[in-house]
Amino acid sequence: MHMKRKIGLEVEYPMVCSDTLTGLPQDRIRRIWASLGKDGWSVSSDPVNGLATGAFRQNVAVDGCLNPNQSISTDTGPLLEIAPSPEVSLAALKQQFSKLKELALQQVKSVGGMLLGLGVHPYTGDTKEEYYRLRTPRSAYDYAIKSRGWPHEKLLNVAAIQEVIDVPAEESFRAFRVLIRLCGLMMFIFRNAPDLHHSSGYLCIRPKKWLDSVSSPIARFRSDIQKVNIPLSEILNWQGYFDLLWNTSPMFLLGTKKHGLFYVPDHPTFWKFLTNVPARGWTGVDVLGKEIAVMPDMDHVNCTDWTYFGFCRPRWKFGQEVALAELIEAFRLGRMDSFFEKNATKIVIENRCNATGFPGEEFCSLAFVLGILENLDTAEHLAFQYDYDFWRSMFSSAQIEPLRRTEISTRKVLPLAEKLLSIALDGLSARGLGEENFLGPVAAIISSGVSRSELALKALNSAADKKSVIRSMFAVD
């Protein structure tokens with residue numbers, strides 16, 4: 001039990017026009033940032049076009065975390081992301097989140113919009129026309145499109161919840177490995193992103209959208225496929241993780257205080273960027289198109305944690321005293337496990353596999369993941385009863401199969417979900433904070449054997465007036 005661990009979450013809501021339920025246009029969204037700026041929030045803007053993309057404010061009461069700010073922002077498309085500052089208890093975090101959500105709702109309603117508790121936009125698709133009309137104007141996205149060939153429009157209309165939880169260094173890799181294995185089972189339980197735009201039968205469309213983005217015929221680097229969803233082959237230690245992160249595909253866009261956002265047109269892997277440095281440094285290009293000379297340093301290393309886009313992502317920072325030469329030597333000698341756990345000043349697991357929940361159920365998946373990590377020994381026992389191929393099959397089945405009837409290698413999914421719920425409840429109970437009630441809706445889902453995606457599709461497919469159903473079923477208030 002780790003009573004002082006910080007917990008946080010980032011909740012994305014589809015942001016739609018209240019009359020048409022189509023994606024809220026960027027001109028209206030920018031009015032939200034302007035209004036928050038007048039109320040004392042700091043407005044974030046893109047370094048190239050200068051357009052606002054969100055707002056944040058410092059929370060001086062919070063320390064000991066990677067990011068103490070509260071933020072309200074957008075992601076790829078017309079989504080509103082609410083991220084409170086990390087807290088120690090679910091109750092404190094929910095209290096803070098509720099105030100931010102109330103503020104966000106007021107702002108969205110003031111520009112004729114509404115928020116939906118749904119993991120996919122109901123009336124906004126993923127075409128190029130919709131993308132360039134509705135997308136958030138970030139130069140980082142332009143890099144993904146122009147330099148990597150990603151059809152970024154695939155990600156325009158999906159929304160997710162990210163559970164962010166501190167992990168002690170000595171437990172960090174075990175936690176990461178267990179959550180990757182259990183990713184598909186959690187998707188079965190928490191999926192709320194059915195394909196509403198095609199007759200594909202997908203009950204959880206987000207993994208396919210990520211895969212389609214990096215494996216498209218126009219994508220430049222096929223090796224990017226290894227950095228989305230869950231690994232094709234199991235990662236066995238931190239050495240293997242950093243090898244995947246730094247040495248399997250060309251380095252991504254990086255940003256430091258010294259250089260801002262930049263990339264290297266030669267497209268080296270990050271490991272090559274660190275170790276095969278030209279005499280005068282690498283020639284980089286910043287997002288303004290200006291050539292810059294870049295010598296690798298630890299700031300660049302600390303920037304790479306977000307460049308893994310998988311559904312369970314470690315976030316971390318090395319201390320100021322760590323020398324780049326020491327890190328390079330540790331990696332070359334295969335000693336990254338001990339080096340990482342000794343020198344990382346903070347390690348956080350960002351679980352990314354779960355869709356935005358029904359209205360009022362935003363904290364269910366966070367409580368669930370927290371309970372698993374608080375009961376890690378028992379969760380690990382369940383995760384290692386079956387091999388990695390079993391869990392890969394679970395991940396694939398969770399995208400399309402019904403919860404109640406599905407079997408993986410003759411093992412029914414529903415009893416495994418019940419077992420994992422029991423593990424999570426025991427983990428929360430051990431904290432002694434009365435947090436088990438946060439899992440009430442999860443127990444109801446498992447008891448019914450019907451996921452939120454299945455419930456949503458049934459309601460929408462039988463409705464004569466789909467918009468009325470969406471407003472009554474998914475409107476956030």
Side-chain angles (χ1 to χ4, degrees), residues 46-49 66 138-150 214 218-228 235 237-310 313-347:
D46 186 82
V48 175
N49 57 45
L66 292 179
R138 283 198 175 100
S139 50
Y141 300 156
D142 292 332
Y143 162 81
I145 296 165
K146 295 174 183 177
S147 294
R148 299 191 92 84
W150 290 8
V214 301
I218 64 172
R220 292 187 61 187
F221 309 117
R222 293 289 297 178
S223 50
D224 282 348
I225 197 174
Q226 299 182 70
K227 293 184 179 178
V228 301
I235 301 170
N237 47 37
W238 283 129
Q239 181 78 29
Y241 172 74
F242 284 105
D243 186 55
L244 183 149
L245 182 67
W246 292 341
N247 208 23
T248 57
S249 63
M251 62 183 277
F252 211 77
L253 194 70
L254 293 180
T256 65
K257 290 181 180 178
K258 181 178 180 181
H259 294 116
L261 285 171
F262 75 94
Y263 70 99
V264 177
D266 288 349
H267 296 295
T269 65
F270 185 72
W271 179 244
K272 184 177 180 181
F273 171 77
L274 290 181
T275 58
N276 289 20
V277 187
R280 296 184 179 181
W282 290 97
T283 298
V285 175
D286 67 19
V287 290
L288 296 172
K290 179 184 176 182
E291 284 194 357
I292 55 174
V294 182
M295 294 296 292
D297 58 31
M298 284 301 297
D299 283 343
H300 299 121
V301 174
N302 281 330
C303 282
T304 60
D305 66 341
W306 72 274
T307 64
Y308 179 70
F309 303 101
R313 175 162 66 187
R315 303 300 301 266
W316 39 266
K317 286 292 179 286
F318 287 111
Q320 294 289 330
E321 71 285 355
V322 178
L324 181 60
E326 295 174 353
L327 179 141
I328 290 173
E329 181 183 26
F331 188 88
R332 280 179 167 154
L333 295 176
R335 297 175 181 170
M336 277 302 293
D337 284 68
S338 59
F339 182 87
F340 179 62
E341 293 177 6
K342 176 184 177 182
N343 291 289
T345 58
K346 186 81 168 179
I347 306 174

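Just so it is clear, the structure is predicted and the values come from calculations on it, not from any experiment.
Between Tyr143 and Tyr263, the distance from one ring center to the other falls under 6.0 angstrom. Between Phe252 and Trp306, the distance separating the two ring centers is shorter than 6.0 angstrom.
Between Pro265 and Ser147 there is no side-chain heavy-atom pair separated by less than 4.5 Å. A 4.5 Å side-chain heavy-atom check between Val322 and Thr345 finds every atom pair outside the cut-off. In this structure, Thr269 and Thr248 have side chains that are not in contact, with every pair of non-hydrogen atoms separated by 4.5 Å or more. In this structure the side chain of Gln239 reaches within 4.5 angstrom of the side chain of Phe331, judged on heavy atoms. By the 4.5 Å heavy-atom criterion applied to side chains, Met251 and Thr304 are not counted as neighbours.
The minimum heavy-atom distance linking Leu327 with Met336 is given by the pair O-SD, 4.2 Å. The shortest heavy-atom contact between Thr307 and Leu253 is CG2-O, 4.2 Å. Between Trp282 and Val277 the shortest heavy-atom distance is NE1-CA, 3.8 Å.
For Asp224, the salt bridge (Lys or Arg N to Asp or Glu O under 4.0 Å) partners two or more places apart in sequence, or in a different chain, are Arg148.
Taking 4.0 Å as the cut-off between side-chain N and carboxylate O, Arg313 and Asp305 do not count as a salt-bridged pair.
The number of heavy atoms from other shown groups lying within 6.0 Å of CD (Glu321) is above 12.
Among pairs with a residue in residues 322-338, none fulfils salt bridge (Lys or Arg N to Asp or Glu O under 4.0 Å), at least two apart in sequence or across chains.
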